[in-house]
Amino acid sequence: MKFEFVPVDYDYFDFEGRNYVKLVGRNEKGKKVCVVDSYEPNFYVILKKGAKPDKVVKKIEGIEVSKASRTSKVLKTEVVDKKFLGKDVKAIRVFVTNHKDLHDVASEIGDMKEIEVRREYDLQIISKYIKENGVDPLMWHSVEGDILGVDDFGGIADAFDVDICVGAKKIMKLKEEKEFKPKILAYDIETDDVELGKGEILMVSLYGEGIKKVLTWKKCDKVQDYVECFKDEGEMIEKFVEYVNEYDPDILTGYFSDGFDLPYLKAASQKNKVKLALGVDGKGPTFTRGRIPSGKINGIVHVDLFRFVDAVFSQYLQSETLSLNEVAGELVGESKEDFDFNKLPHMTDKDWYSFFSYNLQDAVVTFKLAEKLWPDMLEFSKIVKEPLFEVTRDRMSSHVENYLLHNLDRFDEISEKRPGHDEIGRRRAMGKYEGAFVFEPSPGLYDNLVMFDFTSMYASVIVSYNLSKATFDGKDFEKEPGFFPIMLGEIIEKRKTHKKEFAKNPSGMLRARSNAYKLLANAAYGYQGFFGARYYCREAAAATAKFAKDNILKAIDTIEKKGYKIIYGDTDSIAFLQGDKSKKDVLKFLKEINADLPGIMELDLEDFYGRGLFVSKRGNAGGAKKKYALVDSKGKIKIRGFETVRRDWCKLTRHLQSEVLSKILKDGNEKKALELLKKILEDLKRRKINLDDLMMRTQLRRPLNEYLAEGPHVVAARKMEAEGIPVSPGMVIEYFIGEGTGKRVGDRVYLPEEKAKYDMDYYLNNQILPAVENIFDVFDVSVKEIAEGEKQEKLF
DNA sequence: GCGGCGCTTATACC
DNA sequence: ACCGGTATAAGCGCCGC
């Protein structure tokens, strides 16, 4: 039979000692299809320059490796002309019966004087399959094959709960790009104890197209039509499984579900002795080990949206935490409902109804977030050619590496290996190299600023100067363009093209595509300096930073020589005074600068700004770097580095400072800002400030026992633990400073629920004054004196 | 008991 | 451990007096 097919989930299995890849996806009719394809595991033995392959081939062909469960042997060899790190090499491609034994066979070959290195025995089988067979994730293919019968592959067709199971004869990518819309199902659980296995699952919500349910066993009124009630936890879980199977999703998604919902469900199903048969194989989820366990379900892609957001988007989001509420609020404009978990021990009927509603809303929000992020997941998957499961969990370094890996064949390149433990140790011990240039500004309020910035500076430096592992000869970087800079150049080019297309014809797909290329370009520099990278090259990373620095310094010099006054600059941006020049003059000058820039490097106009404020460092006379505020021609204010944008300062401070900056930038003087400050000082002293505005929020970044210094947030976290609230790394700890006698700030730490008077002096001297002091200093206004004055007035 | 200072820690910028 | 270096600043904790 022949049909169209889009692979969504990739897996492999062994049959009679050989590897087969199992693809699960949809056909053109929307049916769930499993396609079994054969795969020939192989790796390369790269020969030394001038070495003859014959002797090596002979040794290799006789190799057999016996393990407890199977014997793996070399099936065939091919002598091939390839490239390795840009150099022509002769290599022997070694085909082995089982992928899992590649490493052992490679070791068995051992060191022969003819052999330079062995490579590609350390790649994932699925990655190699995609790379060699070209069956790319989420792309439409035409498949020719036979429906599998009960006798094929030990009867796997029967074991899989899919519409059709086919043994592939031929799989070809379709020429035209066709849309694929996955069936997404979102879920969320609520428990009475957040610690895994300790509590019970009170309810499970499901939300997708045509499904909207809360399953529970706690409260059986038929008040909300979407609530279904069951006899116990086990029965509820069984029904959850049934609904998932019935809905037959491509994607089952949760938020933090790798770390919470799915493992909790698994533990609860074991406790209740019910099957969590979510997979098409009728089996429960498995958890791959790693820093964070990943929950895998056979034939369905389990997507933990938190992982994807955390790994790929977090640095570009405004959200101060990656909670579902904040992230969904920012990305889909929808937020969660409120529920007070303190009510749990004594729930009224009404409390239960609002709890159900809350639980449902979480699944709804998760579903909407999944729909919103779908174009991004899809594009990342298509671009780096890795399955959805991996793509939604990989960090940017892996994305860069996968992009390289899946494009190596165009360059005839054999893949470099992953660094081993010792190599990683050596790389990490190397220490830092010199990085970016930051211009020290003179504190002051400036009118009419121009900001230039280099587009994708580090990436364009890598391309323009050909900086990479394969183009480094130990001393200099070669002229002949290497595959890394070439690919990066393509990435930058594609980003440009898709950005333009998007501007002309906006769509979620184009936005996501353009964005994915942008993120890849931005991560390429860090990748070469990352100790875990296959194509790690410290010299390339250091040279990138150095050439970037040379270029910004040269541009600054050019701009200065033209008669402009430089105000600020950081890494790839330069701010200077427009002076008496017209915007047209500035743009003409920009063109002149661009004409002299090397390679693909490009200086761009970032914007014109009406005013800009720069302050001094605390205690020191020098100008503070990475701290400034600008206002553009539309009156939009851009604040960088100030306490306003730091989540570890209380709201009162942040709001006040933001208002102060805004007034100063808009009015051009400090008068109104000063009035505002006085009002807040007054409110603070009259104890009129809301406690919520005084809450401090600091992230716990390691387990409590690993702290050498006990900062206020660590004290707060210990208090929480003492009260039975579990704390863990990553949590944002909330507390306020109240009155007390202790010497340390930490001695006066109170949790939000604790009853205490706020420490007026602390909030005055450690929050408000420090945040506005340097700003008013620019106008020679001493806020210390003003605060003192207020005190005097009050006394009299 | 207190001020100074180095160190630890969190968070931001690009 | 899961992309890099540069920078600000608070608060702890130890030292010397």
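Letters go in sequence order (proteins before strands), and every chain restarts at 1.
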Report task. Quick one: list whatever passes ring pair (Phe, Tyr, Trp, His ring centres under 6.0 Å) with A:Tyr735, sequence neighbours left out. Result ->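 Residues passing ring pair (Phe, Tyr, Trp, His ring centres under 6.0 Å) with A:Tyr735: none at all.
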In this structure, how many angstroms lie between the [atom2] atom of [N] and the [atom1] atom of [X], rounded?
X	N	atom1	atom2	answer
A:Glu710	B:dA10	CD	P	13 Å
A:Gln657	B:dA12	CD	C1'	13 Å
A:Trp649	B:dA12	CH2	P	13 Å

Query raised in the report: Is A:Tyr762 touching bases, backbone alone, or none of the nucleic acid, heavy atoms closer than 4.0 Å?
Result: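 The answer is sugar-phosphate, as A:Tyr762 gets under 4.0 Å only of primed atoms, P, OP1 or OP2.
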Query raised in the report: If you look at every strand shown and take non-hydrogen atoms under 4.0 Å, does A:Tyr458 touch a base, only sugar-phosphate, or nothing?
Result: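 The answer is nothing, as A:Tyr458 stays clear of every strand by at least 4.0 Å.
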Query - Under 4.0 Å protein heavy-atom contacts per nucleotide of nucleotides 2-9 of chain B, with B for base, S for backbone only and - for none - result: ------SS
Requested in this report: Map A:Asn522 and A:Lys432 onto DNA chain C by nearest heavy atom, then report which one ends up closer to the 5' terminus.
Outcome: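 The 5'-side residue here is A:Asn522.
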Query raised in the report: Any donor-acceptor pair under 3.5 Å joining the side chain of A:Arg618 to the base of C:dT8?
Result: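 No, the side chain and the base share no sub-3.5 Å donor-acceptor pair.
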Query raised in the report: Within the structure, does a side-chain N or O atom of A:Lys617 lie under 4.0 Å from either OP1 or OP2 of C:dT8?
Result: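 For C:dT8, OP1 or OP2 has a side-chain N or O of A:Lys617 closer than 4.0 Å.
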Query raised in the report: Taking only side-chain nitrogens and oxygens of A:Arg744, does any of them come within less than 4.0 Å of OP1 or OP2 of C:dG13?
Result: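 For A:Arg744, the contact criterion (side-chain N or O under 4.0 Å from OP1 or OP2 of C:dG13) is met.
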**Report entry** Modelled atom types, side-chain donor and acceptor of A:Tyr750 and A:Asp759, under 3.5 Å
**Finding:**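 Side chains of A:Tyr750 and A:Asp759: no pair found under 3.5 Å.
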Report task. With A:Arg654 as reference, evaluate A:Glu320, A:Glu659, A:Glu643 under the salt bridge (Lys or Arg N to Asp or Glu O under 4.0 Å) test and give the passing residue. Result ->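 Of A:Glu320, A:Glu659, A:Glu643, salt bridge (Lys or Arg N to Asp or Glu O under 4.0 Å) with A:Arg654 is met by A:Glu320 alone.
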Query - Validation row, ring centre A:Tyr535 to ring centre A:Phe484 under 6.0 Å - result: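 Here the rings of A:Phe484 and A:Tyr535 have centres that are no less than 6.0 Å from each other.
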Requested in this report: Go through C:dA9, C:dC3, C:dG13 for me and flag the one nearest to the A:Lys627 side chain.
Outcome: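 For A:Lys627, the side-chain atoms sit closest to C:dA9.
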Query raised in the report: For the atom pair CD (A:Glu773) and CG (A:Leu677), what is the distance rounded to the nearest 0.5 Å?
Result: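 Going from the CD atom of A:Glu773 to the CG atom of A:Leu677 covers 11.0 Å.
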Query raised in the report: Can a salt bridge be assigned to the pair A:Glu539 and A:Lys469 using a cut-off of 4.0 Å between side-chain N and carboxylate O?
Result: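 Salt bridge between A:Glu539 and A:Lys469, a charged N being under 4.0 Å from a carboxylate O: no.
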